[in-house]
Protein chains: 2
Amino acid sequence: MTATITDVARLAGVSMKTVSRVLNNEPNVTAKTRERVQAAAAELRYRPNLSARGLASSRKFLLALLYDNPSAEYIAAIQAGATEACRKRGFHLVVEPIRVPNGEITTELEVLLQRLPVDGVILTPPLSDMNALKDVFDDVKIPYVPIAPSEETKAKVPSVGMDDITAAEEMTQYLISIGHKDIGFIVGAPDHSASHLRKTGFLSAMKAAGLDVPQNRILQGDFSFESGKACAQKLLAGADRPTAIFASNDDMAAAVLSVAGKKNISVPNDLSVAGFDDTALAGVIWPPLTTIRQPIHDMGSRAARMLINGVTKTTEDIPPLMLEHNIIVRASTAPPARQS
Amino acid sequence: MTATITDVARLAGVSMKTVSRVLNNEPNVTAKTRERVQAAAAELRYRPNLSARGLASSRKFLLALLYDNPSAEYIAAIQAGATEACRKRGFHLVVEPIRVPNGEITTELEVLLQRLPVDGVILTPPLSDMNALKDVFDDVKIPYVPIAPSEETKAKVPSVGMDDITAAEEMTQYLISIGHKDIGFIVGAPDHSASHLRKTGFLSAMKAAGLDVPQNRILQGDFSFESGKACAQKLLAGADRPTAIFASNDDMAAAVLSVAGKKNISVPNDLSVAGFDDTALAGVIWPPLTTIRQPIHDMGSRAARMLINGVTKTTEDIPPLMLEHNIIVRASTAPPARQS
DNA sequence: GTGAAAGCGCTAACAT
DNA sequence: ATGTTAGCGCTTTCAC
């Protein structure tokens, strides 16, 4: 059998409670006693039983990551960050893909949350924006941290994110700076607030440069490769096409590349293409994508840390944690060969 | 407060134990009693406490997925399959990325396993092949199912996988059938047994067709995009180059595409490229990749099911579960324009 | 077919 | 600074 806390206590010649104190780094233990207990625990290869801990206290040493199938790369990065933060503090991460059909919280989700023995939940877009979720979480009393939520949500609960508007502005400014005047823009999924913010950034930078943006240069996508393809097909249909396309994520930018390839439009000579996210995909396609590096990994680890540290439990207002971004220039963008 | 089993028992007018029986689908309960209990549980919105369950019994309702950073897409697919199977049976999935430096099991891993309160573990390549792991798992008495393990491991423990040799043969035969005679092959990471099997399949199909494979047509990669790039650069260096390249996974095939793009070698006109896995990447790059569809998602769900059903606990020999594959022909392959 | 009692391994609250 | 006593919510004997 594996050793229990009483075994350790016996070997160390102290009480159960003292062992517990040492294990949980609580005060009121002599350095000497502490050492003795640690030695005993090591000797018996003692590992605390998480179920017992979870039952006796309310700490479960478990966090959950809820996601609604955005890009696999995006989730993988969040997950990597979160597991890293968890590992350092003895926590584990449970992953829960959930589909929220037409924005309706399902009973399924409520049931899931009620029986999920976790100390906190990380929410990814578009889940991070769902107002109805706040009530559900408050109801089951589980702290949560939304990643990249809307301005509205940001005001209510601690969150982590980045400055999508500024990032989109910077990319647009860069495209303008190398000579583009006619730039197409592919919008992300409407239920992600980042979509609106990025569009806002694009428009504001265009306006600031005195550049006009006709209606037909703005197309609605949903962050999927397929949607990017459909938008690119429209944007690249006739002779009157933009000299650059800025897509709201890398998947859609890859789709633009794919459509351009099929139409024998050379990138970046005849068309510049920019993405957003800097997922692994960006470096792996040809030509490699100019994009915005989002600190996705960090978002995951910071969200996990906030939950573990109990930041979300304080009543004070915690300002949203905004992480840095960078613009990454690769081979998919260049000055335009022709003026439109 | 959330309702407990005693609340349900009181409301249903039965004992705790009877409620427990109903919840766990145990026999010896009248249909009538069963209904009454279920009604009471529903009314109180009762959710069993997993920590308490885990403490009282040995069932934790938790499975773990251990992985050592192969492609994000690959892990995402396994994870999707596993979570799906878990959801259906009231289980949850804990994810644990682990690095196993130069094939050495670390104490860190042992400690992790000892304190991880799970009913079973899913192992992905290259972890699935590590002989030392068997001892560790036997030691901590946690059942595990390796995905795509070596022949050696297959003989010892229940596992899920596919027929890598036949799949590689089929792809090679397809390339030969459309006219290729000079085919380059990029091998996967040496510590993945699938790498050897795929190479074996390639060579055997070439031999069966009476085709010679010079040494310089076989290059060693490691499944990463970068390694694929290095191999492609060698393969495509001079005028004496193959008319087709078969890479052992999609990431490396994408790298071949990328190098070809840079060198202005047109795919599939001047060069055919085939991959293996059919990850999301394959359909997203230009041109879309001819590849082998691996049932990765299914592998994840079958592995989870085996663990949940306790298949791995029986002493009988369970034959490895071999799942079907398909060859997916897309635009990256075509008959060769020139004969080499 | 059903129930009563005894823990599972740990921590919380209260001694000492 | 350390120990004692109760549980946490459930499943497991073993009675009935």
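Sequence lines set the chain letters: A, B, ... in the order given, protein chains first and strands last, and positions in each chain run from 1.
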Counting just side-chain N and O atoms, does [X] come under 4.0 Å of either OP1 or OP2 of [N]?
X	N	result
A/S15	D/dG3	yes
B/N49	D/dG9	no
B/T18	C/dG3	yes
A/T33	D/dT2	yes

Side-chain donor-acceptor distances from residues 25-34 of chain B under 3.5 Å, at least two apart:
unit_1 : atom_1 : unit_2 : atom_2 : d
B/T30  : OG1    : B/T33  : OG1    : 3.0
B/R34  : NH2    : B/E26  : O      : 3.0

Grab the [atom1]-[atom2] distance between [X] and [N] for me, whole Å please.
X	N	atom1	atom2	answer
A/K17	C/dG9	NZ	C1'	13 Å
A/E26	C/dA13	CD	P	11 Å
A/L44	C/dG9	CG	C1'	15 Å
A/M16	C/dT11	CE	C1'	8 Å
B/I5	C/dA4	CD1	P	14 Å

Within the 4.5 Å heavy-atom criterion, are [X] and [Y] side-chain neighbours or not?
X	Y	result
B/R47	A/L112	no
B/I147	B/S159	no
A/K88	A/R305	no

- Query: Which nucleotide in the list C/dG9, C/dG3, D/dA1 gets nearest to the side chain of A/N28?
  - Reply: D/dA1

- Take B/A52 and B/R36, find for each the nucleotide of DNA chain C with the closest heavy atom, and name the residue whose nucleotide sits nearer the 5' end. B/R36

- Query: DNA chain C: B/T30 or A/R53, which has the more 5' nearest nucleotide?
  - Reply: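 Mapping each residue to its closest nucleotide by heavy atoms, the 5'-most match is B/T30.
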
- Give one of base, sugar-phosphate or nothing for B/P48, where a contact means two heavy atoms less than 4.0 Å apart. sugar-phosphate

- Please work out whether the ring planes of A/F61 and A/F91 are parallel, tilted or perpendicular, with thresholds of 30° and 60°. tilted

- Message: With a 3.5 Å cut-off and heavy atoms only, can you find an N or O donor on one side and an acceptor on the other between the side chain of B/R21 and the base of C/dG3?
- Response: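 Donor-acceptor pair under 3.5 Å: yes.
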
